[in-house]
A.B. asks: 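Have a look at this one before I ask anything.
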2 protein chains.
Amino acid sequence: MTRENWTIIRDTLSDDIRSGRLSAGDQLPTETQLADRFEIGRHSVRRALESLARDGKISIEQGRGTFVADAPRLTYQIGKRTRLHRNLIPQGLDVTSRLVSASRVSAPDEVAKALLLNSGAQVTKSQRITLANDLPVAFGCVYHCAERFPDFAERRDVLGSTTETYRSFGITDYVRQHTSIFSRAAKPEEAKTLKQHPDVPVLVVTAIDATPDGTPISTSRVIWSAARVNFTMEHSDG
Amino acid sequence: MTRENWTIIRDTLSDDIRSGRLSAGDQLPTETQLADRFEIGRHSVRRALESLARDGKISIEQGRGTFVADAPRLTYQIGKRTRLHRNLIPQGLDVTSRLVSASRVSAPDEVAKALLLNSGAQVTKSQRITLANDLPVAFGCVYHCAERFPDFAERRDVLGSTTETYRSFGITDYVRQHTSIFSRAAKPEEAKTLKQHPDVPVLVVTAIDATPDGTPISTSRVIWSAARVNFTMEHSDG
DNA sequence: GTTCATTTGTGCGTATGTATA
DNA sequence: TTATACATACGCACAAATGAA
């Protein structure tokens, strides 16, 4: 079994990145240059680059070039008290979360079920995107019961934190009740939103938050870049 | 922006599978036949098939052909009391777990740290593979302190369950203390072990189990097929 | 056990489209 | 507008794995 051509260049570049011969943000040679240097076809070069892009090691940008990725994989802790900012800021990342759109819709079946509402009840839908050091890492939407939280998205945008927003509705504490995670290929729009290569998969995280007595107050569905996140869970009470 | 060729065949086949026009286990036309039928090149066909394989919808086997996947995505519940069999049997899947190898090694740094042992302490390493309906879904290894659990792997193999094995060591209860999950591309051997297409990513799950008083008793590192699993977590105490 | 047809895997050359600066 | 660099696409050849004759 002889070594395949494309794995040679993949491993060479991968080593160059790990060892620091290529550092974050550096531009790689063009595909044609790599093909010439390694004396292989451009198809093989592209295959190697795709493989590296899928692992988040490089970023391929049409018309510009190929660059060593500069975003470290961030750790996101899921737990009973999942809080975005407490979670990500300690890693030295500049984390921001931006409201993309807010609307009022009749609840899709899964949402109604999660929030214990009648099928088709009115809910608010807030779409948000989360960036770490200006690079998107996740985006998705949160649903709230429209009757109880009529202007959740707007208040959240003004107050700057989910915890504060709930407080403004008289809810002093809330906990994560349920989380599910699975992996799938990214849709083209998702790859674009996350500014990642179309072949990088995404992790779909569905969650339900509730008040401490167990009443569900929100459900969310967030698409994470699989190459840029690492989930951890502590199963104690914290 | 016109539609790309390869996405047409991907979506056509994907629809055929969803609608039941192609059912589990069916053999797809050969790549050449598909290229002829859709009047596109074989490269585009292969690209579409790879995309479907990455999502676990089909299984591509060199020398045999391409088949509609017949394994449903299983749900694995992670929680304070994670138990393999209680977890997977209710889904109507025939779940088996087989010991691949057992050995005694000096603990790698991460293992020593997780088990609160001195660096280089002796630990037992059991490698196991888990199958659902005879198809591999995960494989990995569990480490135990060699002093406290000298023959864990062998006892586990005889007794048939982890819970029973711990009981034989005088431990009547244990809980999941910590879990972490991230996604990466599969290594070629991993793809082979999981009998999956080389481009399907894997989810790496690292965990620490402990007695209820918080003393760690084992740490594990399990590679899951990203296309065949869906993790869920309940954050209550159960 | 060997040979052979079948089917997927790897690889190269080439042409053209599209995004970026 | 132009040049550059990545994206899509086709055709062809040969390698490697499988299974049946």
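In what follows, chains carry the letters A, B, and so on, assigned in the order in which the sequence lines appear, proteins first and then strands, with residues in each chain numbered from 1.
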A.B. asks: Is the positively charged end of A/Arg10 above the ring of A/Trp6, judged by distance under 6.0 angstrom from the centroid and angle within 45° of the axis?
C.D. replies: yes
A.B. asks: To the nearest Å, how far apart are B/Arg47 CZ and C/dG11 C1'?
C.D. replies: 17 Å
A.B. asks: Does B/Arg156 reach the main-chain N or O of B/Thr163 with its side chain, forming a donor-acceptor pair under 3.5 Å?
C.D. replies: no
A.B. asks: Atom NZ of A/Lys192 to atom C1' of C/dT18: distance rounded to whole Å?
C.D. replies: 11 Å
A.B. asks: Output the residues of residues 51-62 of chain B in contact with DNA chain D, where contact means a heavy atom of the residue under 4.0 Å from an atom of the strand; sort by number or write none.
C.D. replies: B/Gln62
A.B. asks: Roughly, in whole Å, what's the span from NE2 in A/His197 to C1' in D/dT8?
C.D. replies: 12 Å
A.B. asks: Determine yes or no for a side-chain-to-main-chain donor-acceptor pair under 3.5 angstrom, with B/Arg73 supplying the side chain and B/Arg228 the backbone.
C.D. replies: no
A.B. asks: Looking at B/Arg47, is its backbone amide N or carbonyl O close enough to the side chain of B/Ser51 to form a donor-acceptor pair, meaning the two atoms are under 3.5 Å apart?
C.D. replies: no
A.B. asks: Quantify the bending of the helix from C/dT2-D/dA21 to C/dA21-D/dT2 as the angle between its end axes, each fitted on five pairs, to 10°.
C.D. replies: 10°
A.B. asks: List for me each residue that meets side chain to side chain contact (heavy atoms under 4.5 Å, CB included) alongside A/Ser23, sequence neighbours excluded, and say none if there are none.
C.D. replies: A/Asp26
A.B. asks: Checking B/Arg98 now: which residues fulfil salt bridge (charged side-chain N to carboxylate O under 4.0 Å, His left out) with it, not counting sequence neighbours?
C.D. replies: none
A.B. asks: Residues in side chain to side chain contact (heavy atoms under 4.5 Å, CB included) with A/Ser106, at least two apart?
C.D. replies: A/Gln122
A.B. asks: Checking A/Asn133 now: which residues fulfil side-chain hydrogen bond (donor to acceptor under 3.5 Å, both in side chains) with it, not counting sequence neighbours?
C.D. replies: none
A.B. asks: Could you state the CD-P distance from A/Glu50 to C/dG11, rounded to the nearest angstrom?
C.D. replies: 14 Å
A.B. asks: Would you mind reading off the distance between A/Asn5 atom CG and D/dA13 atom P, rounded to a whole angstrom?
C.D. replies: 20 Å
A.B. asks: Between P on D/dA5 and CG on A/Leu34, what's the gap in Å once rounded to a whole number?
C.D. replies: 12 Å
A.B. asks: Strictly under 3.5 Å: I want the nitrogen or oxygen pairs between protein and nucleotides 1-6 of chain C, one per line.
C.D. replies:
none

A.B. asks: Does any residue of residues 37-44 of chain B have a heavy atom under 4.0 Å from DNA chain C, and if so, which ones, in number order?
C.D. replies: B/Arg42, B/His43
A.B. asks: Checking the side chain of B/Asn230 only, and the main-chain atoms of B/Thr75 only, is there a donor and an acceptor separated by less than 3.5 Å?
C.D. replies: no
A.B. asks: Holding to salt bridge (charged side-chain N to carboxylate O under 4.0 Å, His left out), I want the full list of residues that pass it with A/Arg184, two or more places apart in sequence or in another chain.
C.D. replies: A/Glu190
A.B. asks: Between A/Trp6 (CH2) and C/dG9 (C1'), how many Å, whole number?
C.D. replies: 11 Å
A.B. asks: In chain order, what residues pass the salt bridge (charged side-chain N to carboxylate O under 4.0 Å, His left out) check against B/Arg64, with sequence neighbours excluded?
C.D. replies: B/Glu61
A.B. asks: Taking everything shown except A/Glu39 itself, do over 12 heavy atoms lie less than 6.0 Å from its CD?
C.D. replies: no
A.B. asks: Under the salt bridge (charged side-chain N to carboxylate O under 4.0 Å, His left out) rule, collect the residues that match up with B/Asp16, sequence neighbours excluded.
C.D. replies: B/Arg21
A.B. asks: Applying a 4.0 Å non-hydrogen cut-off, can you work out what A/Thr32 is touching in the nucleic acid: base, sugar-phosphate, or nothing?
C.D. replies: nothing
A.B. asks: Could you check how far CD of A/Glu4 sits from C1' of C/dT8, rounded to whole Å?
C.D. replies: 13 Å
A.B. asks: State which residues pass side chain to side chain contact (heavy atoms under 4.5 Å, CB included) with B/Ala69; sequence neighbours excluded, sorted by chain then number.
C.D. replies: none
